[in-house]
Amino acid sequence: MNQSSVRIFQSLCVLSCFWLSVQAQSLPPQVAIIIDDIGYQKVDPDIIRLPYPLTVAVMPFTPNGVEMTALASQHGKEIMLHMPMEAVAQNHLLGKGALRRPMNKQQVQQALHKALDSVPQAIGINNHMGSLYTSLPEQMDWVVEVVAARRLYFIDSKTTGKSVVPAITQKHGVKSRSRDVFLDNDKSYKALDRQFNQLIHLAKQHGHAVAIGHPYPETYRYLKKNLPRLAQQGIKVVPASALLDLPAAPAQLIASTAKLPAQHSAHLPAKAKSVAATLPTDTASMPTTTPAQDTEPTPAALSDVVEPVPELIPWHPPYLPQLPGFDTPAALPVPEPAWRRFYPQPAEIPAPASPLPLLLR
């Protein structure tokens, strides 16, 4: 190749890079919204039927998992396996088939294959809980080896700041991405609105963002009412697979968008601060308590966020230790309350004075 040809080749490379850059800037901001814990709740079908390309993460071996997976396929939803993995605490909430640190490679890979076979339509995986397990390099290497062999992708729910998922997936050539926002750690309407606005800001500033929510009645009602806002803001909802290998929003950007004052968003209450979205452990899924001045909107802002009249959709904790196959410790911290449930249950324990703290990550 002579010098003239080299110059032409270099010029073409520069023009190509410039064109790709312009094209990337012209794309609308994109968000992926993953709904975890599918397979237990009465509201599952309602949230699956929402006319948006939400990504459905089905837990293995759940009472309604097969039915909900079929419904999700019927409605064109992308399906993932929501794989239980050992956490630092509260492991009685894991459910059947969880991956635990004492398991050897063969046991881990057999358990993962079995879980994947229970959700055969899954094209990806994300971790349920896993604040301990996703920090273990050797064990996660065994997991990602199966993910690579089955040509799946992996979404890191990011329940710990010590996660090794990015390094291990890169090692195995597995497409992956981390979540940016938890939508419903606090299920109040104001808190959901705060997190949803953070998702909008992240998408606009970073170009894309991944959120994780759950099939709570509160989340369903909120999304049904507010998902149209994304199109109004010029943001496109896409399946999780559309945002693979794109970097998660930097921690500094997540922190800054969590603290935006009300004037930056018509729907964001004044002085609202999102704390739960950036918690690095499994406790991120539990309602957080912050000082009153940080959570209560001013009287002027209160009219901006009006909680709708709730629909009569019963809800129960998704993890019922008395079900067959669940790992039940000798003594649970608190007996389970007597909630109405979607499927028939045996005689229940009377409701205690304080509710069972839920850990849904």
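Sequential numbering from 1 along the given sequence is applied to the chain's residues. Scope of the values below: all heavy atoms of this structure, side chains included, with no hydrogens, waters or symmetry mates.
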Exercise. Any donor-acceptor pair under 3.5 Å linking the side chain of D193 with the backbone of Y189?
Worked result: no

For this session: Give a yes or no on whether Q107 atom CD has more than 12 heavy-atom contacts from other residues, nucleotides or ligands under 6.0 Å away.
Result: yes

For this session: Establish, from distance only, whether the side-chain atoms of D184 and T219 form a donor-acceptor pair under 3.5 Å.
Result: yes

For this session: Determine the minimum heavy-atom distance between M103 and L99, stating which atoms define it.
Result: SD-CA, 3.9 Å

For this session: Using atom types as modelled and distance alone, determine if a side-chain donor or acceptor of E86 lies under 3.5 Å from a backbone N or O of A98.
Result: no

Problem set entry | Close side-chain approach of L243 to V238, heavy-atom, < 4.5 Å | yes

Exercise. Hey, are the side chains of W142 and E145 touching, using non-hydrogen atoms and a 4.5 Å cut-off?
Worked result: no

Exercise. Side chains of K105 and E138: does their closest heavy-atom pair fall under 4.5 Å?
Worked result: no

Exercise. Any link between L81 and V66 through a network of hydrophobic side chains (Ile, Leu, Val, Met, Phe, Trp, Tyr) touching at under 4.5 Å?
Worked result: no

Problem set entry | I48 and V56: CA distance, side-chain angles, deciding distance, side-chain contact (heavy atoms from CB on, under 4.5 Å) verdict | CA-CA 7 Å; I48 288 172; V56 173; 4.2 Å; yes

Problem set entry | Gap separating the CG atom of L223 from the CD atom of E218, nearest 0.5 angstrom | 11.5 Å

Exercise. Do K175's NZ or CZ and the ring of Y153 fall within the cation-pi criteria of under 6.0 Å and 45°?
Worked result: no

Exercise. Under 3.5 Å, is there a donor-acceptor pair between the S241 and E78 side chains?
Worked result: yes

Problem set entry | Sidechain-backbone polar pair: K204 side chain, L199 backbone, donor-acceptor under 3.5 Å | no

Exercise. Can D117 and R150 be counted as an ion pair, charged N to O under 4.0 angstrom?
Worked result: yes

For this session: Would you kindly check if the NZ (Lys) or CZ (Arg) of R194 is within the cone defined by 45 degrees around the ring axis of F196 and under 6.0 Å from the six-membered ring centre?
Result: no

Seminar exercise, completed: Value for CD (Q170) from OG (S176), rounded to nearest 0.5 Å, stands at 8.0 Å

Exercise. Roughly how far apart are K162 NZ and T134 OG1, rounded to 0.5 Å?
Worked result: 11.0 Å

Problem set entry | Side-chain touch M85/H128, heavy atoms, less than 4.5 angstrom | no

For this session: Write down the atom of L112, the atom of V143, and the distance for their closest heavy-atom approach.
Result: CD2-O, 3.6 Å

Exercise. Backbone N or O of S157 within a donor-acceptor pair of the N127 side chain at under 3.5 Å?
Worked result: yes

Exercise. When you measure from the side chain of H206 to the backbone N and O of P247, does any donor-acceptor pair fall under 3.5 Å?
Worked result: yes

Problem set entry | Backbone N/O of P137 and side chain of D141: donor-acceptor pair under 3.5 Å | no

For this session: May I ask you to decide if L230's main-chain N or O and K236's side chain share a donor-acceptor pair within less than 3.5 Å?
Result: no

Exercise. Between D180 and H208, is any side-chain donor less than 3.5 angstrom from a side-chain acceptor?
Worked result: no

For this session: Using a 4.5 Å cut-off on heavy atoms from C-beta on, say whether the side chain of V174 contacts that of I168.
Result: no

Exercise. Nearest heavy-atom pair of V165 and S163: which atoms, and what distance?
Worked result: N-OG, 3.2 Å

For this session: With the side chain counted from C-beta on, respond yes when I155 and M80 share a heavy-atom pair under 4.5 Å apart, and no when they do not.
Result: yes

Exercise. Ignoring hydrogens and geometry, is there a side-chain-to-backbone donor-acceptor pair from Q30 to A203 under 3.5 Å?
Worked result: no

Problem set entry | Nearest-0.5 Å distance, OG1 of residue T160 to CG of residue L136 | 9.5 Å

For this session: Step by step, work out the side-chain contact (heavy atoms from CB on, under 4.5 Å) result for H113 and V146.
Result: CA-CA 8 Å; H113 278 299; V146 172; 3.6 Å; yes

Problem set entry | N-O pairing of R49 and D44 below 4.0 Å | no

Exercise. Any idea which heavy atoms bring M59 and D37 closest together, and the distance?
Worked result: SD-OD1, 3.7 Å

For this session: Over all heavy atoms of both residues, which pair between P60 and K96 is shortest? Give the atoms and the distance, please.
Result: CG-O, 4.3 Å

Exercise. For L192 and L183, which heavy atoms make the closest approach, and how far apart are they?
Worked result: CD2-O, 3.4 Å

Exercise. Taking it one step at a time, do F154 and M140 satisfy side-chain contact (heavy atoms from CB on, under 4.5 Å)?
Worked result: CA-CA 11 Å; F154 196 104; M140 285 308 299; 3.9 Å; yes

Exercise. Does a sphere of radius 6.0 Å around CZ in R101 hold more than 12 heavy atoms from other residues, nucleotides or ligands, not counting ones at 6.0 Å or beyond?
Worked result: no

Problem set entry | Interatomic spacing from OG1 in T69 to CD1 in I38 - rounded to 0.5 Å | 9.0 Å

For this session: Give, for atom OG1 of T55 and atom NZ of K77, the distance between the pair rounded to the nearest 0.5 Å.
Result: 9.5 Å

For this session: Check the side chains of R177 and N126 for a donor-acceptor pair under 3.5 angstrom, ignoring hydrogens and angles.
Result: no

Problem set entry | 4.5 Å side-chain heavy-atom contact, V58 and I79 | yes

Exercise. Do I35 and I212 have side-chain heavy atoms sitting under 4.5 Å apart?
Worked result: no

Problem set entry | side-chain contact (heavy atoms from CB on, under 4.5 Å) between L152 and L116, intermediate numbers included | CA-CA 10 Å; L152 308 173; L116 283 165; 3.7 Å; yes

